[in-house]
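Here's the structure, in structure tokens; my notes come after.
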2 protein chains.
Amino acid sequence: MTTRRGRPPQGVLSRERILLAGLALVDEEGLAAVSMRKLAARLGVDPMSLYNHVDGKDALLDGIAEVLLAAIPAPPADADLRGTMSALAHGFRAAMLGHPRAAPLVLTRRLASMTALAPVEAVLAPLLAAGYPPDRAVHGLRAVLAFLIGTLMREVEAAPTLGGSGRRLADLSASGLPAVAAAAPYLAVCDHEAEFEFGLRIMLDALGEP
Amino acid sequence: MTTRRGRPPQGVLSRERILLAGLALVDEEGLAAVSMRKLAARLGVDPMSLYNHVDGKDALLDGIAEVLLAAIPAPPADADLRGTMSALAHGFRAAMLGHPRAAPLVLTRRLASMTALAPVEAVLAPLLAAGYPPDRAVHGLRAVLAFLIGTLMREVEAAPTLGGSGRRLADLSASGLPAVAAAAPYLAVCDHEAEFEFGLRIMLDALGEP
DNA sequence: ACCTGAACACCGTTCAAGT
DNA sequence: ACCTGAACACCGTTCAAGT
């Protein structure tokens, strides 16, 4: 996020400028609309110029995902274990909801870079400090992360809400499926905030004691 | 999965044949390699012929997702609530792992069709029968589903495993991140089966009593 | 009703050329 | 070192034509 030290940005282009413009493009037009050519046009540059700073479209998307990941704030230093875990989960959520159309890049891609390990360190460090053996720490982290990814995919409209897409209450009641019809009023709406807190509490409770 | 009754398949093509060929194409070459033209070639047909049976590429992918969803078996009729929920979760997992490269179609798309509601009915019915009020049934179902989606995305290589992609133990130890290094042996491997059972137990326990 | 093929408006990326 | 633009091998989909 800070400007690169050392070499001044002599050209018009830089990896950072490209990634930020890419994120803006995703925010405005959605993932499906991203193309190297459109991004180049937005930067006033020949499409092939991007390849001097980025390794291709896939690497561009990975880079945008890393920009998003980097926006997760560090948890307050004085928090206890549960407070730390909760702060990180909420920070992750806020980072994704800040760029809902780009969030699937983080949620559905396997990032290979070092910067993707920073959040792992942020979660693992307090668990180990609290006395969790490393195997249990990793185990618990994976369960929490699976829940977070599934929940955020739903919030971000990339996964089923139940009651599929923008299904109407009337459609559900008239579906001919008795249980669906009976629960229709609840299937038709989804309080994301409440679902998130409900599930997060379950997962953090399940971590138990070291 | 059964052959369409009523009108015989007079042409070479039918929606069903197209969807099955599409699924086979995804299985063999992956989602990114799917194109209307390649699928048509595989069926020995002009690309535009597909449009007589399928509404475009997006509808094709939705259709393939529905084929996958339809493969979830009904739970045994004599099981208790927990057994029913567990059977459905395992059936869902098996259906996804049977076609890992196609699974993201189910896990990351919002299906609008009626057939996507069948699994919802299958889960909701036993919960309501067991006496759960509909709001709590939907609530619990959503939490379980978020966990399932997140876990399966990881199993299917579409979401972070932690220790990013095919990260080597040595890389993790040398990452310079102390907690990551300490937990490296556990980050480097992932027993999907165990993670799934661990998380599923947590979620089913959290459902509590009606 | 279904199938065809030409055509349009796009893609990502390679390569040779410029500065 | 960085930027350019022509070219290649693809896309999804519209449309007019065939049967």
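Below, chain A is the first sequence line, B the second, and so on; all start at residue 1. Predicted model only: the values in this text are computed from it and were never measured. Values reported hereafter were calculated over all heavy atoms of this structure, with side chains retained and with hydrogens, waters and symmetry mates removed.
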If you compare every side-chain N and O of B/H53 against the phosphate oxygens of C/dC3 (OP1, OP2), does one of them come in below 4.0 Å? yes

Using a cut-off of 6.0 Å, state whether more than 12 heavy atoms not belonging to A/D27 lie near its atom CG. yes

Letter per nucleotide, 5' to 3', of nucleotides 13-19 of chain C [B base touched, S only sugar-phosphate touched, - untouched; heavy atoms, 4.0 Å]: BBB----

Which stems does DNA chain C form, counting runs of 3 or more consecutive Watson-Crick or G-U wobble pairs with both distances under 3.5 Å? C:4-8 with D:12-16, C:12-16 with D:4-8

Rounded to the nearest Å, what distance is computed from the NZ atom of residue B/K38 to the P atom of nucleotide D/dA9? 15 Å

Atom CZ of B/R15 to atom C1' of C/dC3: distance rounded to whole Å? 19 Å

Salt-bridge criterion met for A/E155 and A/R93 (N-O under 4.0 Å): yes

Considering all heavy atoms of both residues, which atom of B/A184 and which atom of B/S173 are nearest to each other, and what is their separation? CB-OG, 3.7 Å

Interatomic distance where CG belongs to B/L60 and P belongs to D/dC11 [whole Å]: 14 Å

NZ/NE/NH1/NH2 to OD/OE distance under 4.0 Å, A/K38 and A/E29: yes

In a table with atom names and distances, give each donor-acceptor pair under 3.5 Å that connects a side chain of residues 41-50 of chain A to protein atoms at least two apart or in another chain.
| from | atom 1 | to | atom 2 | distance (Å) |
| --- | --- | --- | --- | --- |
| A/R42 | NH2 | A/E28 | OE1 | 2.6 |
| A/D46 | OD1 | A/M48 | N | 2.8 |
| A/S49 | OG | A/D46 | O | 3.3 |

How close or far is atom C1' of C/dG12 from atom CG of A/L39, stated in whole angstroms? 13 Å

Measuring only between side-chain heavy atoms, which start at C-beta, is B/V26 closer than 4.5 Å to B/H99? no

Between atom CG in A/D46 and atom C1' in D/dA6, what is the gap in whole Å? 10 Å

Taking only the side-chain nitrogens and oxygens of A/S49, find out if one of them lies under 4.0 Å from OP1 or OP2 of D/dC2. no

Nearest whole Å is fine: how far is C/dA1 P from B/N52 CG? 11 Å

Side-chain N or O of A/S35 closer than 4.0 Å to phosphate OP1/OP2 of C/dC11: yes

4.5 Å side-chain heavy-atom contact, B/M36 and B/L60: yes

So, for B/H139 and A/Y186, is the gap between ring centers shorter than 6.0 Å? no

Kindly indicate, with the supporting measurements, whether the criterion side-chain hydrogen bond (donor to acceptor under 3.5 Å, both in side chains) is fulfilled by A/T151 and A/E195. CA-CA 8 Å; A/T151 300; A/E195 297 285 350; over 6 Å; no

